[in-house]
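When a ligand or atom number is given, it counts from 1 through the structure's own listing order.
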Amino acid sequence: MFAFAALVALASSALPTVFAHGGVLAYSNAGNWYQGWAPYNSPDGQTSIERPWSTYNPITDPTDPTLSCNDDGTSSALQLTATVAAGSAITAYWNSPWPHAIGPMLTYLAQCPGSTCTGVNSDSLQWFKIDEAGLLSGTVFSGSWADGQMIADNSSWTTTIPSTVPSGNYLIRFETIALHSLPAQFYPECAQIQITGGGNQAPTTDELVTFPGAYSSTDPGLDIDVYSNAAQTETTYIIPGPPLYGSGTGAPAPPPSSTPTVSVPASSPSSTPTSAPTGPTVAQYGQCGGQGYTGATICASGSTCTVVNPYYSQCL
Ligand SMILES: *[C@@H]1O[C@H](CO)[C@@H](O)[C@H](O)[C@H]1NC(C)=O
Ligand SMILES: [Cu+2]
(Lines give C-alpha, C1' and ligand atoms only; values in the text may rest on other atoms or scores of the structure.)
(Ligands and ions follow the chains in the order given, each with its own letter.)
Protein backbone atom coordinates (compact mmCIF):
# COMPACT_ATOMS: atom_id res chain seq x y z
CA MET A 1 0.00 0.00 0.00
CA PHE A 2 2.75 2.38 0.97
CA ALA A 3 4.72 1.44 -2.12
CA PHE A 4 1.72 2.12 -4.34
CA ALA A 5 1.08 5.52 -2.78
CA ALA A 6 4.74 6.40 -3.16
CA LEU A 7 4.62 5.43 -6.84
CA VAL A 8 1.56 7.60 -7.47
CA ALA A 9 3.25 10.51 -5.70
CA LEU A 10 6.37 9.99 -7.81
CA ALA A 11 4.43 9.84 -11.04
CA SER A 12 2.42 12.97 -10.33
CA SER A 13 5.46 14.95 -9.26
CA ALA A 14 7.50 13.81 -12.25
CA LEU A 15 5.10 15.16 -14.88
CA PRO A 16 5.03 18.86 -13.92
CA THR A 17 8.83 18.74 -13.63
CA VAL A 18 9.08 17.70 -17.26
CA PHE A 19 6.68 20.38 -18.46
CA ALA A 20 8.37 23.10 -16.41
CA HIS A 21 11.45 22.75 -18.57
CA GLY A 22 12.21 22.03 -22.23
CA GLY A 23 14.47 23.04 -25.06
CA VAL A 24 14.75 24.24 -28.65
CA LEU A 25 12.08 22.50 -30.74
CA ALA A 26 12.51 24.22 -34.12
CA TYR A 27 14.48 26.80 -36.09
CA SER A 28 13.77 29.21 -38.91
CA ASN A 29 16.05 31.07 -41.29
CA ALA A 30 15.29 33.04 -44.46
CA GLY A 31 11.74 31.72 -44.68
CA ASN A 32 12.74 28.08 -44.16
CA TRP A 33 11.34 26.10 -41.24
CA TYR A 34 13.49 23.41 -39.64
CA GLN A 35 11.80 20.97 -37.29
CA GLY A 36 14.06 20.13 -34.37
CA TRP A 37 15.05 16.82 -32.83
CA ALA A 38 12.24 15.19 -30.82
CA PRO A 39 13.92 14.05 -27.60
CA TYR A 40 11.07 11.81 -26.48
CA ASN A 41 10.66 9.96 -29.79
CA SER A 42 12.79 7.07 -30.97
CA PRO A 43 15.97 8.32 -32.65
CA ASP A 44 15.34 5.83 -35.49
CA GLY A 45 14.56 7.66 -38.71
CA GLN A 46 14.72 11.16 -37.24
CA THR A 47 16.08 13.72 -39.67
CA SER A 48 16.86 17.17 -38.35
CA ILE A 49 19.48 19.89 -38.52
CA GLU A 50 19.36 19.87 -34.71
CA ARG A 51 21.84 17.68 -32.88
CA PRO A 52 20.19 14.91 -30.83
CA TRP A 53 19.24 15.71 -27.24
CA SER A 54 17.41 13.55 -24.79
CA THR A 55 15.86 15.45 -21.92
CA TYR A 56 13.81 18.54 -21.09
CA ASN A 57 15.57 18.71 -17.75
CA PRO A 58 18.06 21.49 -17.18
CA ILE A 59 21.78 21.03 -16.76
CA THR A 60 22.65 22.45 -13.36
CA ASP A 61 26.42 21.88 -13.21
CA PRO A 62 28.63 24.03 -15.49
CA THR A 63 31.16 21.20 -15.64
CA ASP A 64 28.53 18.69 -16.83
CA PRO A 65 29.92 16.79 -19.86
CA THR A 66 26.64 17.36 -21.74
CA LEU A 67 26.90 21.16 -21.57
CA SER A 68 27.88 21.68 -25.22
CA CYS A 69 24.67 20.44 -26.85
CA ASN A 70 22.67 18.80 -24.02
CA ASP A 71 23.74 15.26 -24.97
CA ASP A 72 26.87 13.20 -25.62
CA GLY A 73 28.04 15.53 -28.40
CA THR A 74 27.45 13.22 -31.35
CA SER A 75 25.52 13.83 -34.55
CA SER A 76 22.53 11.70 -35.47
CA ALA A 77 22.49 8.84 -37.98
CA LEU A 78 20.59 10.94 -40.52
CA GLN A 79 22.00 14.31 -39.49
CA LEU A 80 21.05 17.27 -41.69
CA THR A 81 22.78 20.62 -42.20
CA ALA A 82 21.04 23.90 -43.03
CA THR A 83 22.68 26.36 -45.41
CA VAL A 84 22.60 29.77 -43.77
CA ALA A 85 23.87 33.02 -45.26
CA ALA A 86 26.24 35.14 -43.21
CA GLY A 87 24.37 38.27 -42.17
CA SER A 88 21.01 36.49 -42.05
CA ALA A 89 18.83 36.02 -39.00
CA ILE A 90 18.25 32.60 -37.48
CA THR A 91 15.51 31.97 -34.92
CA ALA A 92 15.30 29.22 -32.30
CA TYR A 93 11.88 28.26 -30.89
CA TRP A 94 11.55 26.82 -27.40
CA ASN A 95 8.44 25.05 -26.13
CA SER A 96 5.80 27.72 -25.62
CA PRO A 97 5.22 29.37 -23.27
CA TRP A 98 8.73 29.05 -21.92
CA PRO A 99 8.43 28.99 -18.10
CA HIS A 100 11.55 30.87 -16.89
CA ALA A 101 11.65 34.66 -17.25
CA ILE A 102 14.78 35.46 -15.21
CA GLY A 103 18.19 35.08 -16.81
CA PRO A 104 20.32 35.68 -19.90
CA MET A 105 20.12 34.49 -23.52
CA LEU A 106 23.30 33.49 -25.33
CA THR A 107 24.18 32.23 -28.82
CA TYR A 108 27.48 30.63 -29.79
CA LEU A 109 29.11 29.31 -32.98
CA ALA A 110 31.82 26.68 -33.32
CA GLN A 111 33.55 25.95 -36.60
CA CYS A 112 34.13 22.31 -37.47
CA PRO A 113 37.37 21.08 -39.05
CA GLY A 114 36.96 19.47 -42.46
CA SER A 115 34.04 19.73 -44.83
CA THR A 116 31.11 18.84 -42.52
CA CYS A 117 30.15 18.89 -38.86
CA THR A 118 28.56 15.46 -39.17
CA GLY A 119 30.62 13.04 -37.13
CA VAL A 120 32.35 15.84 -35.22
CA ASN A 121 31.77 15.69 -31.48
CA SER A 122 30.57 19.03 -30.11
CA ASP A 123 32.73 18.52 -27.01
CA SER A 124 35.86 18.80 -29.19
CA LEU A 125 34.98 22.22 -30.62
CA GLN A 126 35.93 25.78 -29.71
CA TRP A 127 32.99 28.11 -29.36
CA PHE A 128 32.64 31.87 -29.68
CA LYS A 129 29.71 33.95 -28.55
CA ILE A 130 27.91 35.91 -31.26
CA ASP A 131 24.93 37.18 -29.25
CA GLU A 132 24.17 37.83 -25.62
CA ALA A 133 21.55 39.67 -23.58
CA GLY A 134 21.12 39.74 -19.81
CA LEU A 135 19.38 42.23 -17.56
CA LEU A 136 17.57 44.59 -19.94
CA SER A 137 16.28 47.15 -17.43
CA GLY A 138 15.64 47.61 -13.74
CA THR A 139 17.18 45.64 -10.92
CA VAL A 140 18.36 42.07 -10.71
CA PHE A 141 15.48 41.48 -8.25
CA SER A 142 12.57 42.90 -10.24
CA GLY A 143 13.90 44.07 -13.61
CA SER A 144 13.24 42.62 -17.02
CA TRP A 145 15.52 40.02 -18.46
CA ALA A 146 16.38 38.64 -21.88
CA ASP A 147 14.63 35.41 -20.87
CA GLY A 148 11.40 37.39 -20.38
CA GLN A 149 11.85 38.98 -23.78
CA MET A 150 12.31 35.50 -25.27
CA ILE A 151 8.97 34.42 -23.76
CA ALA A 152 7.24 37.59 -24.96
CA ASP A 153 8.64 36.98 -28.44
CA ASN A 154 6.75 33.70 -28.95
CA SER A 155 9.27 31.81 -26.78
CA SER A 156 11.83 32.36 -29.50
CA TRP A 157 15.17 34.11 -29.90
CA THR A 158 16.60 35.55 -33.09
CA THR A 159 20.32 35.96 -33.67
CA THR A 160 21.97 37.44 -36.74
CA ILE A 161 24.94 35.48 -38.07
CA PRO A 162 27.70 38.11 -38.23
CA SER A 163 28.59 38.88 -41.86
CA THR A 164 32.28 38.88 -40.84
CA VAL A 165 32.32 35.21 -39.78
CA PRO A 166 34.36 33.05 -42.18
CA SER A 167 32.28 30.77 -44.40
CA GLY A 168 32.32 27.14 -43.34
CA ASN A 169 30.64 24.43 -41.33
CA TYR A 170 29.49 25.32 -37.86
CA LEU A 171 27.38 24.26 -34.94
CA ILE A 172 25.14 27.01 -33.60
CA ARG A 173 24.36 26.74 -29.90
CA PHE A 174 21.35 28.66 -28.58
CA GLU A 175 21.19 28.79 -24.79
CA THR A 176 18.83 30.15 -22.20
CA ILE A 177 20.02 30.23 -18.59
CA ALA A 178 17.42 30.33 -15.81
CA LEU A 179 18.32 32.09 -12.54
CA HIS A 180 15.06 31.81 -10.57
CA SER A 181 16.71 29.22 -8.33
CA LEU A 182 20.23 28.12 -7.53
CA PRO A 183 22.13 26.39 -8.97
CA ALA A 184 21.56 28.15 -12.29
CA GLN A 185 19.84 26.07 -14.99
CA PHE A 186 21.39 25.72 -18.47
CA TYR A 187 19.23 24.87 -21.48
CA PRO A 188 21.51 24.56 -24.56
CA GLU A 189 20.75 22.89 -27.88
CA CYS A 190 22.75 22.91 -31.12
CA ALA A 191 22.05 22.80 -34.84
CA GLN A 192 24.32 22.12 -37.78
CA ILE A 193 24.68 24.94 -40.28
CA GLN A 194 26.86 25.73 -43.26
CA ILE A 195 27.56 29.46 -43.35
CA THR A 196 27.93 30.89 -46.84
CA GLY A 197 29.05 34.30 -48.06
CA GLY A 198 31.00 35.00 -44.88
CA GLY A 199 33.87 37.37 -44.15
CA ASN A 200 37.38 36.92 -42.88
CA GLN A 201 37.29 37.91 -39.21
CA ALA A 202 38.43 34.85 -37.28
CA PRO A 203 37.47 34.82 -33.59
CA THR A 204 40.37 35.80 -31.33
CA THR A 205 42.00 33.30 -29.00
CA ASP A 206 40.39 34.88 -25.93
CA GLU A 207 36.95 34.68 -27.53
CA LEU A 208 37.17 30.90 -27.93
CA VAL A 209 35.97 28.53 -25.20
CA THR A 210 34.98 24.91 -24.75
CA PHE A 211 31.81 23.42 -23.24
CA PRO A 212 32.23 22.43 -20.50
CA GLY A 213 34.98 24.90 -19.66
CA ALA A 214 33.42 28.27 -20.47
CA TYR A 215 31.47 28.58 -17.24
CA SER A 216 32.19 28.11 -13.57
CA SER A 217 29.71 27.89 -10.71
CA THR A 218 31.50 30.86 -9.13
CA ASP A 219 30.96 33.14 -12.16
CA PRO A 220 29.19 36.27 -10.87
CA GLY A 221 26.46 35.79 -13.48
CA LEU A 222 25.75 32.23 -12.32
CA ASP A 223 26.37 32.40 -8.57
CA ILE A 224 23.69 35.04 -8.14
CA ASP A 225 20.75 35.11 -5.75
CA VAL A 226 18.15 37.23 -7.52
CA TYR A 227 16.03 37.38 -4.35
CA SER A 228 18.78 38.74 -2.06
CA ASN A 229 18.70 42.20 -0.48
CA ALA A 230 21.64 43.24 -2.66
CA ALA A 231 19.71 42.21 -5.78
CA GLN A 232 16.97 44.75 -4.94
CA THR A 233 19.26 47.64 -5.79
CA GLU A 234 21.69 45.94 -8.17
CA THR A 235 21.26 47.11 -11.76
CA THR A 236 24.32 45.42 -13.26
CA TYR A 237 24.41 41.81 -14.35
CA ILE A 238 27.55 40.19 -15.74
CA ILE A 239 26.67 37.73 -18.52
CA PRO A 240 28.77 34.56 -18.20
CA GLY A 241 31.13 33.26 -20.86
CA PRO A 242 33.87 34.76 -23.04
CA PRO A 243 33.95 38.28 -24.53
CA LEU A 244 31.53 38.68 -27.39
CA TYR A 245 32.88 37.97 -30.88
CA GLY A 246 34.47 41.17 -32.14
CA SER A 247 35.34 42.49 -28.68
CA GLY A 248 38.21 40.16 -27.75
CA THR A 249 41.75 41.48 -27.50
CA GLY A 250 43.75 38.32 -28.29
CA ALA A 251 45.36 37.27 -31.55
CA PRO A 252 43.04 35.91 -34.24
CA ALA A 253 42.89 32.16 -33.81
CA PRO A 254 43.80 29.81 -36.65
CA PRO A 255 40.82 27.90 -38.04
CA PRO A 256 40.24 24.41 -36.66
CA SER A 257 42.95 22.17 -38.09
CA SER A 258 42.63 19.54 -40.80
CA THR A 259 41.24 22.18 -43.17
CA PRO A 260 43.61 22.22 -46.13
CA THR A 261 45.43 25.54 -46.32
CA VAL A 262 47.21 27.05 -49.29
CA SER A 263 50.91 27.50 -48.71
CA VAL A 264 52.20 30.97 -49.58
CA PRO A 265 55.04 33.07 -48.14
CA ALA A 266 54.10 35.06 -45.01
CA SER A 267 55.66 38.26 -46.30
CA SER A 268 57.24 39.20 -49.58
CA PRO A 269 60.99 39.15 -49.08
CA SER A 270 62.67 42.48 -49.88
CA SER A 271 65.45 40.70 -51.70
CA THR A 272 65.51 37.28 -53.25
CA PRO A 273 67.51 35.00 -51.03
CA THR A 274 70.19 33.19 -52.98
CA SER A 275 70.93 30.70 -50.26
CA ALA A 276 68.86 29.03 -47.57
CA PRO A 277 67.49 31.68 -45.19
CA THR A 278 69.16 31.93 -41.81
CA GLY A 279 68.08 33.49 -38.51
CA PRO A 280 65.87 32.53 -35.61
CA THR A 281 63.40 29.79 -36.49
CA VAL A 282 59.82 29.27 -35.38
CA ALA A 283 58.78 25.86 -34.10
CA GLN A 284 56.03 23.96 -35.88
CA TYR A 285 52.57 25.47 -35.07
CA GLY A 286 54.20 28.75 -34.00
CA GLN A 287 53.33 32.13 -35.50
CA CYS A 288 55.58 33.18 -38.40
CA GLY A 289 53.78 36.14 -39.92
CA GLY A 290 50.69 38.30 -40.18
CA GLN A 291 49.82 42.01 -40.07
CA GLY A 292 51.63 43.67 -37.17
CA TYR A 293 53.77 40.62 -36.42
CA THR A 294 57.45 41.41 -35.93
CA GLY A 295 58.90 38.07 -34.75
CA ALA A 296 60.84 35.37 -36.51
CA THR A 297 59.50 34.24 -39.89
CA ILE A 298 61.58 31.15 -40.68
CA CYS A 299 59.88 27.87 -39.89
CA ALA A 300 61.70 24.94 -38.38
CA SER A 301 62.64 22.42 -41.03
CA GLY A 302 59.76 20.18 -42.02
CA SER A 303 57.16 22.96 -41.66
CA THR A 304 56.15 25.80 -43.97
CA CYS A 305 54.93 29.27 -43.09
CA THR A 306 51.27 29.22 -44.08
CA VAL A 307 48.86 32.16 -44.23
CA VAL A 308 45.89 31.36 -42.03
CA ASN A 309 44.33 34.82 -42.29
CA PRO A 310 45.67 38.36 -42.82
CA TYR A 311 46.64 38.56 -39.14
CA TYR A 312 48.13 35.16 -38.60
CA SER A 313 50.56 32.94 -40.43
CA GLN A 314 51.58 29.67 -38.86
CA CYS A 315 54.37 27.09 -39.32
CA LEU A 316 52.49 24.03 -40.54
C1 LIG B 1 5.41 30.96 -32.80
O2 LIG B 1 6.13 29.76 -32.60
C3 LIG B 1 5.54 28.62 -33.17
C4 LIG B 1 6.42 27.44 -32.80
O5 LIG B 1 6.55 27.33 -31.39
C6 LIG B 1 5.43 28.76 -34.67
O7 LIG B 1 4.78 27.64 -35.22
C8 LIG B 1 4.69 30.01 -35.01
O9 LIG B 1 4.74 30.21 -36.40
C10 LIG B 1 5.30 31.22 -34.32
N11 LIG B 1 4.51 32.39 -34.56
C12 LIG B 1 5.04 33.49 -35.08
C13 LIG B 1 4.09 34.62 -35.24
O14 LIG B 1 6.21 33.58 -35.38
CU1 LIG C 1 12.29 24.45 -16.03
Side-chain angles (χ1 to χ4, degrees), residues 9-41 46-62 64 66-71 80 82 84-85 88-107 131 133-135 140-141 144-161 172-193 211 215 217 221-227 237 239-240:
L10 236 182
S12 54
S13 69
L15 271 180
T17 307
V18 164
F19 294 120
H21 311 302
V24 177
L25 303 186
Y27 300 87
S28 67
N29 168 255
N32 299 307
W33 183 261
Y34 299 97
Q35 199 56 46
W37 185 261
Y40 293 101
N41 292 355
Q46 284 204 46
T47 55
S48 177
I49 65 164
E50 191 172 40
R51 283 294 186 93
W53 53 292
S54 53
T55 178
Y56 274 19
N57 288 323
I59 299 165
T60 56
D61 178 351
D64 192 297
T66 64
L67 191 62
S68 60
C69 298
N70 193 19
D71 205 15
L80 301 180
V84 171
S88 71
I90 179 167
T91 302
Y93 299 82
W94 278 260
N95 37 301
S96 184
W98 182 253
H100 307 306
I102 301 170
M105 298 294 305
L106 313 93
T107 311
D131 188 18
L135 183 61
V140 165
F141 176 72
S144 63
W145 290 83
D147 285 4
Q149 184 182 319
M150 179 267 256
I151 297 168
D153 198 9
N154 193 22
S155 299
S156 74
W157 192 259
T158 299
T159 292
T160 298
I161 306 289
I172 186 166
R173 177 182 184 275
F174 281 91
E175 179 177 42
T176 178
I177 300 178
L179 300 174
H180 61 282
S181 64
L182 287 174
Q185 301 181 349
F186 306 92
Y187 297 92
E189 273 83 35
C190 303
Q192 250 180 239
I193 58 173
F211 286 109
Y215 301 154
S217 55
L222 298 175
D223 180 25
I224 182 172
D225 179 355
V226 299
Y227 304 110
Y237 170 74
I239 299 170

Self-check item: Gap separating the CG atom of L222 from the CG atom of L179, nearest 0.5 angstrom
Solution: 7.0 Å
Quiz item: What is the closest protein heavy atom to atom 2 (O) of ligand 1, and at what distance does it sit?
Solution: N154 ND2, 2.5 Å
Self-check item: Protein contact of atom 7 (O) of ligand 1 - nearest heavy atom, named by residue and atom, plus distance
Solution: W33 CH2, 3.9 Å
Return a table of donor-acceptor pairs under 3.5 angstrom between the side chains of residues 180-187 and protein atoms on other chains or two or more places apart.
{"unit_1": "Q185", "atom_1": "OE1", "unit_2": "Y187", "atom_2": "OH", "d": "2.6"}
{"unit_1": "Y187", "atom_1": "OH", "unit_2": "H21", "atom_2": "ND1", "d": "2.8"}
{"unit_1": "Y187", "atom_1": "OH", "unit_2": "H100", "atom_2": "NE2", "d": "3.3"}

Quiz item: At their closest point, which heavy atom of I239 faces which heavy atom of G134, and how far apart are they?
Solution: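 Heavy atoms only, the tightest pair is CD1-N, 3.5 Å.
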Quiz item: Between S156 and N154, does any side-chain donor sit less than 3.5 Å from a side-chain acceptor?
Solution: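 Judged by distance alone, the side chains do not pair up.
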Practice problem: Quick one: report the N, O or S atom of H100 that is nearest to the Cu ion (ligand 2). | Solution: NE2
Quiz item: For H21, what is the atom name of its N, O or S atom nearest to the Cu ion (ligand 2)?
Solution: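 Within H21, restricted to N, O or S, the Cu ion (ligand 2) is closest to atom ND1.
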Quiz item: Mind checking whether Y215 and F211 have parallel, tilted or perpendicular rings, split at 30° and 60°?
Solution: perpendicular
Quiz item: Do W37 and Y34 have ring centroids that are under 6.0 Å from one another?
Solution: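 No, the ring centres sit 6.0 Å or more apart.
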Quiz item: Rounded to 10°, how big is the angle at the Cu ion (ligand 2) from Y187 OH to A20 O?
Solution: 140°
Exercise. Considering only protein heavy atoms, determine whether one is less than 4.0 Å from atom 9 (O) of ligand 1.
Key: no
Quiz prompt | Per-atom contacts, ligand 1 versus Y93 - under 4.0 Å to a heavy atom | solution =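 Here the atoms of ligand 1 in question are 2 (O).
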